[in-house]
Amino acid sequence: AQKITQTQPGMFVQEKEAVTLDCTYDTSDQSYGLFWYKQPSSGEMIFLIYQGSYDEQNATEGRYSLNFQKARKSANLVISASQLGDSAMYFCAMSGGDWRGSEKLVFGKGTKLTVNP
Amino acid sequence: EPEVTQTPSHQVTQMGQEVILRCVPISNHLYFYWYRQILGQKVEFLVSFYNNEISEKSEIFDDQFSVERPDGSNFTLKIRSTKLEDSAMYFCASSGGLAGGPGTDTQYFGPGTRLTVL
């Protein structure tokens, strides 16, 4: 079974600084995907970034990058130059495994990021 | 940019009543999902749907729940007899398909329906 662990319930960062949100995962699958989603206080789930298990390079999307260390089974999200609008809950999730015609996402418990001015 | 939409944004119902939550997935997507998030907790998978049938369901998705794609655009979740513990945010998601193999499909979420059961 797949499992996602986010050990930081809350993180604080100063505006314009970088922050790393931790995510470790457990799976016996060879092919899987790792995702980060942002959930602002308004409640929606916003897709941020994806990393495939076979991707050799770390994924980047604007100010977001994913520090993928396969041997350590970690997929940390790095947000550079934090902005006040980055304050939100951040969820790490994974998919993969046996082909079932669809792929469910397994989520971690989330990290609440607060950006201070 | 295409997006998943959900209605209503907030639904209040009495225990034992039936509710239908509606979703319009992204138009060219093939896979559809429902997730729920009880307040302050993590997001949990309920069911996935492809080619007009359920692909996978979790233990949460018992006989009180059903899903349907009544036409080419809508995707619904029905709870037949709501319980207090069904109070949660319900998210619909859709994805385009596993063109790249397992673990390559990105799911896009709707804004959610907050269900409150009194």
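Chain letters run A, B, ... following the sequence lines, proteins first, then strands; residues in each count from 1.
For a residue to count as touching a neighbouring chain, one of its non-hydrogen atoms must lie under 4.5 Å from one of that chain's; by this rule A/Q6 does not touch chain B. No part of A/Y54 comes within reach of chain B, as not one of its non-hydrogen atoms sits under 4.5 angstrom from that chain.
Between B/E3 atom CD and A/E44 atom CD the span is 10.0 Å, to the nearest 0.5 Å. Put simply, CE on A/M89 and NZ on B/K42 are 12.0 Å apart, with the number rounded to the nearest 0.5 Å. Note: A/L48 CG to B/T106 OG1 = 11.5 Å, rounded to the nearest 0.5 Å.
Counting heavy-atom neighbours within 6.0 Å of B/L118 CG, excluding the residue itself, gives a total above 12. Annotation for A/K3: atom NZ does not count as buried by contact number, only 12 or fewer foreign heavy atoms lying within 6.0 Å. Other residues, nucleotides and ligands place no more than 12 heavy atoms under 6.0 Å from the CD atom of A/E56. Within a 6.0 Å sphere centred on CG of B/D62, other residues, nucleotides and ligands contribute more than 12 heavy atoms.
Cluster membership for B/M15 and B/Y90, using ILVMFWY side-chain heavy atoms within less than 4.5 angstrom, is shared. The hydrophobic cluster containing B/V24 does not contain B/L21, counting ILVMFWY residues as joined when their side-chain heavy atoms lie under 4.5 angstrom apart, directly or transitively. Under the 4.5 Å side-chain heavy-atom criterion for grouping Ile, Leu, Val, Met, Phe, Trp and Tyr, B/V12 is not connected to B/L84 through any hydrophobic cluster. No path of Ile, Leu, Val, Met, Phe, Trp and Tyr side chains, each step under 4.5 Å between heavy atoms, connects B/I54 with B/I20, placing them in separate hydrophobic clusters.
B/F91 is listed as a side-chain neighbour of A/Q39, based on a closest heavy-atom distance under 4.5 Å. For the pair B/F109/A/L105, a side-chain contact is recorded, criterion being any heavy-atom separation below 4.5 Å from C-beta on. Between A/V106 and B/F45, every side-chain heavy-atom pair lies at or beyond the 4.5 Å cut-off.
Between chain B and the options A/K109, A/Q30, A/K112, A/M45, the largest number of non-hydrogen pairs under 4.5 Å is found for A/M45.
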For this session: Could you go through the side chain to side chain contact (heavy atoms under 4.5 Å, CB included) check for A/F91 and B/Q37 one step at a time?
Result: CA-CA 12 Å; A/F91 290 96; B/Q37 183 183 32; 3.4 Å; yes
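B/Y33 places a side-chain N or O within 3.5 Å of a backbone atom of A/E103 that can act as its donor or acceptor partner.
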